[in-house]
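Working notes, beginning with the structure itself.
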There are 2 protein chains.
Amino acid sequence: MNPTHRSHCPIAQTLDIVGDKWTLLILRDALVFKRKSFAEFEQSSENIPTSLLAERLKRLVENGFLEKIPYQDKPVRYHYVPTDKGKAVIPIIRAMKKFGETHLA
Amino acid sequence: MNPTHRSHCPIAQTLDIVGDKWTLLILRDALVFKRKSFAEFEQSSENIPTSLLAERLKRLVENGFLEKIPYQDKPVRYHYVPTDKGKAVIPIIRAMKKFGETHLA
DNA sequence: CTGGATCCTGATGGATACTG
DNA sequence: CAGTATCCATCAGGATCCAG
């Protein structure tokens with residue numbers, strides 16, 4: 001994910017952020033299915049363990065793909081909503097969707 | 001990449017195959033930079049360990065993305081060349097390239 | 001010398017239980 | 001509901017070894 005930081009190839013840099021099994025699925029849920037709360041992501045994302053969901057959400061916020069917005073006090077609750085940068089991954093998701101539909105299963 | 005096999009979402013299925021740090025980089029090298037031999041991939045792919053390169057190449061062949069073609073006897077040597085299915089990931093790579101160029105670094 | 005296979009060790013993933 | 005903590009299994013990464 002951010003290991004032996006690699007080349008300046010834009011593909012490699014993109015993969016350093018979204019190149020794992022869960023991150024793009026979470027982004028799909030946020031961008032396509034409009035999931036917002038932790039619980040919504042948890043139910044939607046193919047049984048992702050909560051520990052990984054929490055870590056991925058945090059990383060997506062840190063990297064500026066999602067914004068953590070409080071929407072209620074007592075107790076405080078948050079929504080995770082895509083930023084412009086987050087919305088910019090839609091073409092990647094679309095490309096994967098098309099590939100999967102025409103070349104897999 | 002074929003773990004607790006997930007949903008039938010085409011995105012999830014695509015990620016089960018290319019959702020790691022190296023696979024798409026290898027495909028980039030094959031498709032964009034026309035790498036063919038093991039040595040070419042090894043030098044090109046941002047210092048990938050040989051063990052991982054060997055494993056990923058094997059998996060890409062098994063999954064029908066690359067074809068292993070002998071091009072010389074004594075000693076026998078192989079080229080890894082993209083199949084039609086392999087070529088179909090170009091749009092994904094292009095989408096990542098564009099994203100990386102406009103939104104990272 | 002090319003094309004890997006093997007081995008070791010630390011990091012990450014994944015499932016479940018637990019807490020504010 | 002929204003996460004942490006924990007524990008074990010698996011994988012990544014690097015070095016080295018081996019076969020043709």
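Below, chain A is the first sequence line, B the second, and so on; all start at residue 1.
For residues 25-40 of chain A, every residue pair satisfying the salt bridge (charged side-chain N to carboxylate O under 4.0 Å, His left out) rule, not counting sequence neighbours, is listed here: A:Arg28-A:Glu46.
Between B:Lys58 and B:Glu62 there is no salt bridge, since none of the side-chain N atoms of the basic residue sits less than 4.0 Å from a carboxylate O of the acidic one. Salt bridge annotation for A:Lys21-B:Asp20: absent, with no cationic side-chain nitrogen under 4.0 angstrom from a carboxylate oxygen. Using a 4.0 Å cut-off between charged side-chain N and carboxylate O, A:Lys97 and A:Glu101 make a salt bridge.
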Distances for protein N/O vs nucleotides 1-6 of chain C N/O pairs under 3.5 angstrom?
from: C:dT2; atom 1: O3'; to: B:Arg77; atom 2: NE; distance (Å): 3.3
from: C:dG3; atom 1: OP2; to: B:Ala39; atom 2: N; distance (Å): 3.4
from: C:dG4; atom 1: OP2; to: B:Tyr80; atom 2: OH; distance (Å): 2.7
from: C:dA5; atom 1: N6; to: B:Thr50; atom 2: OG1; distance (Å): 2.9

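In this structure, the helix from C:dC1-D:dG20 to C:dG20-D:dC1 shows an angle of 30° between the axis at its start and the axis at its end, each fitted on 5 base pairs and rounded to 10°.
Taking atom CZ of residue A:Arg56 and atom C1' of nucleotide D:dG3, one finds them 16 Å apart after rounding to whole Å. Atom CZ in A:Arg35 sits about 17 Å away from atom C1' in D:dA2, given to the nearest Å. Atom pair A:Leu52:CG and D:dT4:C1' shows a separation of 13 Å (rounding to whole Å applied). A:Ile26 places its CD1 atom 11 Å from the P atom of C:dG13, with the value rounded to the nearest Å. For A:Leu53 and D:dG3, the CG to C1' distance is 9 Å, given to the nearest whole Å. Atoms NZ (A:Lys21) and C1' (C:dA15) sit 13 Å apart, rounded to a whole Å.
If you run side-chain contact (heavy atoms from CB on, under 4.5 Å) between A:Val89 and each of A:Leu27, A:Ile17, A:Thr23, only A:Leu27 comes through.
Within 4.0 Å (heavy atoms only), A:Pro49 reaches at least one base atom of the nucleic acid.
For the pair B:Thr14 and B:Ile92, the minimum side-chain heavy-atom distance is below 4.5 Å. Residues A:Arg94 and A:Ile90 have side chains in contact (heavy-atom distance under 4.5 Å, counting atoms from C-beta outward). Counting heavy atoms from C-beta on, the side chains of B:Ile69 and B:Tyr78 never come closer than 4.5 Å.
Between A:Trp22 and C:dG14 there is a side-chain polar atom (N or O) within less than 4.0 angstrom of OP1 or OP2.
Not one N or O on the side chain of B:Thr83 forms a donor-acceptor pair closer than 3.5 Å with the backbone of B:Glu67.
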